Number of protein chains: 2
Amino acid sequence: MSNAAAKEQPPQHFDALRTAILERKHELPKRLTQVAAYALDHPDEIAFGTAASIALSANVQPSTLVRFAQFFGFDGFSGLQMLFRARLRERNSSYEDRLRQLEQDGPALTESSSIFNGFISAAHRSLDAVIAAVEPEKFERAVSILAEADTIYLIAKRRSYPISSYMAYAFGKLKVRFQLVGTAAGIDDDMLAMATPKDAAFAISFSPYASESTAQARVMAARGVPVISLTDSAFSPLAECSKEWFEVVEADHAGFRSLSASMAFAMALTVGIAEARRRH
Amino acid sequence: MSNAAAKEQPPQHFDALRTAILERKHELPKRLTQVAAYALDHPDEIAFGTAASIALSANVQPSTLVRFAQFFGFDGFSGLQMLFRARLRERNSSYEDRLRQLEQDGPALTESSSIFNGFISAAHRSLDAVIAAVEPEKFERAVSILAEADTIYLIAKRRSYPISSYMAYAFGKLKVRFQLVGTAAGIDDDMLAMATPKDAAFAISFSPYASESTAQARVMAARGVPVISLTDSAFSPLAECSKEWFEVVEADHAGFRSLSASMAFAMALTVGIAEARRRH
DNA sequence: GCAGCTGTGGAATACGCATTCCACGTTGAC
DNA sequence: GTCAACGTGGAATGCGTATTCCACAGCTGC
């Protein structure tokens with residue numbers, strides 16, 4: 001056996017195991033590869049779960065887990081699991097250290113690191129702001145309006161476009177009928193002309209507002225199509241023509257905004273809609 | 001029994017249990033006091049050990065541990081142990097408090113609201129995971145590779161596409177030359193054929209990996225174009241052909257993932273690159 | 001000083017667990 | 001086309017586990 005040597009010397013530390021898995025991943029048969037990927041992606045599950053529960057999540061047999069562990073020189077699954085547990089104990093302390101370090105020597109860090117930390121913390125703040133700003137009842141109403149729609153028209157340009165494109169991707173997976181407005185040039189108006197009051201529109205626009213998006217939302221509203229919108233100010237022109245609108249203010253770092261909170265909001269709306277449809 | 005009420009409502013969270021133990025420690029009989037002290041002093045042992053091993057360390061009988069758990073309303077020792085385990089998992093999240101509150105309110109809220117809260121908290125968790133996973137040095141190296149590039153080729157499909165499209169928007173504003181691969185069908189290969197080792201590529205792909213993205217990244221690497229990538233597993237085919245690669249595991253809510261953490265990472269990278277260029 | 005009650009230790013038990021084993025598929029070589 | 005070797009799924013097994021139960025000890029109130 002090629003792993004006879006390994007059998008006598010299983011990895012003693014999580015990092016060693018991780019390295020071994022990555023090094024030998026190409027020699028692994030199909031199911032063991034599956035386990036390897038699951039193990040590295042969900043280490044916490046391995047640490048706490050039982051062989052049976054882990055096997056279920058990873059879509060393999062418990063015996064496969066044992067074989068996997070044996071492949072890397074352990075007696076059985078339990079031996080491998082100990083490494084995952086040890087890691088969790090260590091990580092807690094080291095993670096705390098890191099946070100403390102970040103707070104202390106923030107100014108001393110390299111510029112890239114401080115930009116990185118800045119965006120992460122801006123994202124945290126944005127999420128906090130969103131959860132405070134969005135009223136559950138309003139959200140509920142928006143979900144039901146969109147869930148009852150025949151087709152959902154997604155209106156977004158420029159900075160908002162990534163959000164609508166992700167919603168489009170998710171709607172596709174969830175089998176919710178939609179139209180992404182603004183993909184091919186010129187035919188937007190024709191597309192919108194097909195919308196009826198049985199449909200609905202979801203418009204996204206942040207300051208400075210793209211005039212096209214605003215205009216399109218107005219047209220829809222005028223024709224009786226219910227419009228839900230996501231924007232960053234109560235003064236947004238979108239607010240006027242919307243049945244429900246949400247204000248999401250992304251915190252910025254050095255003047256640049258990411259879309260972390262908007263993305264989370266959009267995903268919640270998307271899944272909420274799909275879920276509401278499934279129930280009816 | 002004085003703890004009849006507690007029997008119906010065991011603490012749902014570690015902190016609640018801790019409080020309960022401290023509050024009621026004077027009502028506890030001798031051996032249970034001993035267990036209480038041990039539990040608060042060695043929480044990790046409780047999380048990882050077995051009833052037998054813990055009983056040995058704490059100099060009590062296993063049955064005493066069960067009685068202790070039952071005193072606080074749990075069915076048995078296992079129920080109490082779960083709190084200690086959950087604590088270890090959450091420990092690296094500074095948002096413990098908020099999450100707990102969300103979980104408590106959870107059942108009372110409408111489904112839409114709980115979906116909403118779920119995505120926001122998943123986003124928080126993702127951000128925490130990102131900041132723990134990304135090494136500053138690695139990030140720094142990636143920034144300088146991309147900052148030195150003549151043109152940055154952005155490779156992303158499907159779920160990753162919104163990220164690259166936002167980077168494209170930001171690069172445009174920041175006057176960084178880039179090429180978004182995959183917009184118009186068919187000409188991708190011609191576009192990539194123009195890349196030289198003086199350029200660089202940034203590839204994004206999450207499981208299940210789009211074969212096109214992987215293939216394109218491989219082609220670039222083979223031609224000497226440095227590739228930086230963002231993916232969700234060390235097993236990603238992107239990892240092999242990249243000069244630097246980053247693992248961002250988005251936490252999921254009910255099986256759906258948003259892109260909050262990836263977005264924050266992408267923005268940090270984007271601004272980091274622009275900033276590095278400005279300095280030189 | 002006796003009765004009743006709570007607290008305690010330790011054996012008995014039933015369950016769930018990791019592990020083993022074997023039969024079936026699948027693949028690749030000759 | 002046949003055979004061997006390997007990978008795989010799933011049932012069988014035996015062990016370790018949490019839990020229950022019961023007998024006894026130590027109080028407390030009367």
Side-chain angles (χ1 to χ4, degrees), chain A residues 1-4 6-7 10-11 17 21 24-39 42-43 45-86, chain B residues 1-4 6-7 10 17 21 24-39 42-43 45-86 235:
Chain A
M1 253 192 190
S2 69
N3 58 337
K7 207 154 214 164
L17 173 62
I21 292 176
R24 304 181 64 190
K25 72 172 172 176
H26 292 296
E27 329 168 13
L28 289 169
K30 190 178 151 207
R31 288 277 113 110
L32 297 195
T33 309
Q34 204 173 320
V35 173
Y38 183 87
H42 309 274
E45 291 299 316
I46 306 275
F48 288 119
T50 67
S53 70
I54 297 163
L56 198 70
S57 320
N59 280 311
V60 294
Q61 293 289 328
S63 50
T64 307
L65 294 178
V66 176
R67 277 201 298 273
F68 178 79
Q70 286 170 342
F71 187 93
F72 288 97
F74 297 95
D75 274 358
F77 173 70
S78 306
L80 178 141
Q81 194 177 32
M82 286 185 62
L83 257 58
F84 280 79
R85 294 189 169 182
Chain B
M1 250 194 191
S2 68
N3 58 338
K7 208 154 215 163
L17 173 63
I21 292 176
R24 305 181 63 191
K25 70 172 173 182
H26 293 298
E27 327 168 13
L28 287 169
K30 189 179 153 207
R31 287 278 116 113
L32 297 196
T33 310
Q34 204 174 320
V35 173
Y38 183 87
H42 310 275
E45 290 300 316
I46 306 274
F48 288 116
T50 67
S53 70
I54 297 164
L56 197 71
S57 318
N59 281 312
V60 294
Q61 292 289 327
S63 51
T64 308
L65 295 178
V66 176
R67 275 200 302 273
F68 179 78
Q70 285 170 344
F71 186 92
F72 288 98
F74 299 94
D75 274 358
F77 173 70
S78 306
L80 178 140
Q81 193 178 32
M82 284 186 64
L83 258 58
F84 280 78
R85 295 188 169 184
F235 266 74

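Every chain is numbered from 1, with letters handed out A, B, ... down the list of sequences. Computed from a predicted structure; not experimentally measured.
Under the rule for a side chain to side chain donor-acceptor pair (under 3.5 Å), the partners of A:Gln34 that lie at least two apart in sequence or sit in another chain are A:Arg31. Here B:Ser53 pairs with B:Thr50 under the side chain to side chain donor-acceptor pair (under 3.5 Å) rule; sequence neighbours left out. Residues forming a side chain to side chain donor-acceptor pair (under 3.5 Å) with A:Ser78 (at least two apart in sequence, or on another chain): none.
A sub-4.0 Å separation between OP1 or OP2 of C:dG10 and a side-chain N or O of B:Gln61 is present.
Side-chain contact between B:Val35 and B:Phe71 is absent, with no heavy-atom pair separated by less than 4.5 Å. B:Leu32 has its side chain out of reach of B:Phe72: every pair of non-hydrogen atoms, C-beta onward, lies at least 4.5 Å apart.
For the pair A:Phe68 CZ and C:dT19 C1', the computed distance is 17 Å after rounding to whole Å. Taking atom CE of A:Met82 as the reference point, atom C1' of C:dC17 lies 17 Å away to the nearest angstrom. One atom, CZ of B:Phe71, and another, P of C:dT8, lie 11 Å apart when rounded to the nearest Å.
The list of salt bridge (charged side-chain N to carboxylate O under 4.0 Å, His left out) pairs with a residue in residues 45-68 of chain A, not counting sequence neighbours, reads A:Glu45-B:Arg89.
Within residues 30-38 of chain A, no residue has any heavy atom under 4.0 Å from DNA chain C.
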Task: Summary of protein contacts for nucleotides 13-29 of chain D, nucleotide by nucleotide, where a base hit scores B, a sugar-phosphate-only hit scores S (4.0 Å, heavy atoms) - done: ----SSBB---------
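A donor-acceptor pair under 3.5 Å is formed between the side chain of A:Gln81 and the backbone N or O of A:Ile46.
In this structure, the separation between OH on B:Tyr38 and CG on B:Asn59 is 9.5 Å, given to the nearest 0.5 Å.
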